[in-house]
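Step one of this worksheet: look at the structure below.
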Amino acid sequence: MQPNSVSPASEKQHIVIVGGGMTGGLLAVLLAEQGLTVTVLDGAPAPVMPTGPAQLRVSTLTEASHWLLQNSGVWEYLDMSRVQPYDAMQVWDQDGTGEVLFRAREVGAQSLGWLLENGHLAAALYRRAADYPNLHWRCGVAVEGARREEGRWQVRAGDEQWQADLLVGADGARSRVRDWAGISGGARDSGHHALVATIATALPHNACARQVFMESGPLALLPLYSDPQQGEQRQCSIVWSGWPERIARLREAAPADFAAELQAATGDALGEVTLLSERAVFPIQERHASSYVAAGLALVGDAAHVIHPLAGQGVNLGLLDAAVLAEEVERATQSGRSCADSAALARYQRRRRGENLLMQNAMRGFQQLFGQRALPVRWLRNTGMRWVNQAGPLKRLFASQAMGRGADLPVRARPRA
């Protein structure tokens, strides 16, 4: 199926997406590309390109996500001076000698991934959306209710109402669309809170993403774009996950004490560190919806699933949700069927739910494995990490999976021939 193909029947169908952001924004662009009439109802203000210091919330984009953004025309709207590619990833166990170092060249790539601010990507999607006259992105519109009536969804916000052939919930972990559809959210407390902040380092990060596993939880140092005030490659975003009481103590510590503890936790990997931003903390609660679809309705991104952030896969899973749903909608409309065709929605769920659940369980397994202090377990995981680091084919397999090189990638997540 070729991107940009438009079915005349598509123009008569209306899709309403509740929630903008990264997943909802990409889905809107991909559907508008097909000629469908799309309305995004987003309670947040219009996203704007960030300037000045780096925003706290950042995301790691995989190769698959990169191609999605390239092929949908979104990549060109990014400010490349605020996008940091990384070509290496170092993972180690603080409580032992196990370490794995992944390099892009080992899998025939220039980059393993890209780091950018969440608000940056949302703003690029918003700008790309403006290119489509059939796409209406309404900001500052808080949806108050939705009900299914005579084969369509009636969506209400204040005095306004929209009718949707297909209603999509892209409204985050506490999705109201999911609730209105009567779908269970499947919430589970991970036992961790996460602290995010921006730091400067004495040593350059050299375009390498780093993660150290500790008994209390993982700590990631994610390379950010170069800030002239901090020096070349000396700015990182951190995501420190751990027991709630430990994270609370880290948040309240004096900046110098926090920096010293961070430096010690990373084994002085980047030398002396300086805290540049506030420290934000949020609980990590896993979710997996009991279903991704209902009659005339689909869930994408965090509305459908939330995983532990230790591998940085959350946004990438959401972007793949958007691409697969758009692909199945396109297949249906090109065959003269409704954009809310039940078989198309069922295929979307089949293609995404199992993969997302597998990733969620893998992240949970890593969290539990590295939280064990028993000597036999520590020996096994450190031996295993050293073995993986030396086993070329296995290491390449892990790296390829982390880059999103799955077997069932949607067309737009692949390089164009």
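Computed from a predicted structure; not experimentally measured. Residues: numbered from 1 along the sequence shown.
- No side-chain donor from either of Y292 and D321 sits under 3.5 Å from a side-chain acceptor of the other.
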Verdict with reasoning, V58 to T198, per side chain to side chain contact (heavy atoms under 4.5 Å, CB included): CA-CA 10 Å; V58 303; T198 306; over 6 Å; no
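- Note: W75 and W114 have perpendicular aromatic rings, judged against thresholds of 30 and 60 degrees for the angle between ring planes.
- Under a 3.5 Å cut-off, the side chain of Q84 and the backbone N or O of C236 do not form any donor-acceptor pair.
- Using modelled atom types, one side-chain atom of E327 and one backbone atom of V411 make a donor-acceptor pair closer than 3.5 Å.
- In this structure, CG in L219 is found 12.0 Å from CZ in R210, a value given to the nearest 0.5 Å.
- Crowding of E245 atom CD: a count of heavy atoms from other residues, nucleotides or ligands under 6.0 Å exceeding 12.
- When side chains are defined from C-beta on, W243 counts as touching E215, because their heavy atoms get closer than 4.5 Å.
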Checking side chain to side chain contact (heavy atoms under 4.5 Å, CB included) for the pair R412/W67: CA distance, chi angles, key distance, verdict? CA-CA 7 Å; R412 290 168 180 79; W67 284 114; over 6 Å; no
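- The side-chain contact (heavy atoms from CB on, under 4.5 Å) test with I238 singles out one residue from L262, V196, V273, and that residue is L262.
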Take R128 and E33 through the salt bridge (Lys or Arg N to Asp or Glu O under 4.0 Å) test and state the conclusion after the steps. CA-CA 11 Å; R128 176 58 171 148; E33 185 181 77; 5.0 Å; no
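- Shown here for L112 and A104, the closest heavy-atom pair between the two residues is CD2-CA, 3.7 Å.
- At least one side-chain heavy atom of R353 sits less than 4.5 Å from a side-chain heavy atom of H288.
- With contacts defined as side-chain heavy-atom distances shorter than 4.5 Å, the pair L166/L36 does not qualify.
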Would you tabulate the side-chain donor-acceptor contacts of residues 201-208 under 3.5 Å, counting partners in other chains and residues two or more places apart, or write 'none'?
residue	atom	partner	partner atom	Å
T201	OG1	L203	O	2.7
H205	ND1	A207	N	2.9
H205	NE2	L224	O	3.0

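- Looking only at distances, no side-chain donor or acceptor of H193 sits under 3.5 Å from a matching main-chain atom of V281.
- Here the side chain of Q235 pairs a donor or acceptor atom with the backbone of Y225 at under 3.5 angstrom.
- Between atom CG of residue L325 and atom CD1 of residue I17 there is a gap of 8.5 Å, rounded to the nearest 0.5 Å.
- Counting heavy atoms of neighbouring residues, nucleotides and ligands inside a 6.0 Å radius, atom CZ of R174 does not exceed 12 of them.
- Within the 4.5 Å cutoff, side-chain heavy atoms of V300 are placed close to those of Y348.
- Side-chain contact check for Q163 versus Q154: some heavy-atom pair is nearer than 4.5 Å.
- Distance check: I199 CD1 to F258 CZ gives 7.5 Å after rounding to the nearest 0.5 Å.
- Looking at P50 and R82, their side chains come closer than 4.5 Å, going by heavy atoms from C-beta outward.
- With 3.5 Å as the limit, one finds a donor-acceptor pair spanning the side chains of S291 and Q349.
- Side-chain N or O atoms of W153 include one that pairs as donor or acceptor with a backbone N or O of A295 at under 3.5 Å.
- Under the 4.5 Å side-chain criterion, counting only non-hydrogen atoms from C-beta, P53 is not in contact with Q229.
- The number of heavy-atom neighbours closer than 6.0 Å to CZ of R347, taken from other residues, nucleotides and ligands shown, is above 12.
- Scanning both residues, S290 and I183, for their nearest heavy atoms gives OG-CG2, 3.5 Å.
- A donor-acceptor pair under 3.5 Å is formed between the side chain of D165 and the backbone N or O of H14.
- Counting only distance, with no hydrogens or angles, the side chain of D171 and the backbone of V177 share a donor-acceptor pair below 3.5 Å.
- Q263 contributes atom CD, which lies 6.0 Å from atom CD of E272 (distance to the nearest 0.5 angstrom).
- No donor-acceptor pair under 3.5 Å is formed between the side chain of R138 and the backbone N or O of T39.
- The backbone N or O of T60 lies less than 3.5 Å from a partner atom in the side chain of N316, making a donor-acceptor pair.
- Distance check: L61 CG to L68 CG gives 10.0 Å after rounding to the nearest 0.5 Å.
- Closest of all the heavy-atom pairs between S59 and N118 is OG-OD1, 2.6 Å.
- Of all non-hydrogen atoms in L101 and E106, the two that sit nearest each other are O-OE1, 4.1 Å.
- Between R352 and E328 no salt bridge is recorded (no basic side-chain N to carboxylate O distance below 4.0 Å).
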Verdict with supporting geometry, L115 and S237, side chain to side chain contact (heavy atoms under 4.5 Å, CB included): CA-CA 9 Å; L115 266 295; S237 172; 5.9 Å; no
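- Atom CH2 of residue W240 and atom OG1 of residue T266 lie 8.0 Å apart, to the nearest 0.5 angstrom.
- P47 and A122 make their closest contact through CG-O, 3.7 Å (heavy atoms, listed as atom of the first residue, atom of the second, distance).
- At least one donor-acceptor pair closer than 3.5 Å links the side chain of R178 to the backbone N or O of A173.
- In the model, Y77 has a side-chain atom that pairs as donor or acceptor with a side-chain atom of D131 under 3.5 Å.
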Start with the C-alpha gap between H120 and L78, add the side-chain angles, then the distance that decides, and say whether side chain to side chain contact (heavy atoms under 4.5 Å, CB included) holds. CA-CA 7 Å; H120 183 183; L78 294 172; 3.7 Å; yes
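- Between I15 and C339, the shortest heavy-atom contact is CG1-SG, 3.9 Å.
- Paired with E261 under the rule salt bridge (charged side-chain N to carboxylate O under 4.0 Å, His left out), one option of R251, R246, R279 passes, and it is R246.
- Put simply, the side chain of Q13 reaches to within 4.5 Å of the side chain of T333, judged on heavy atoms.
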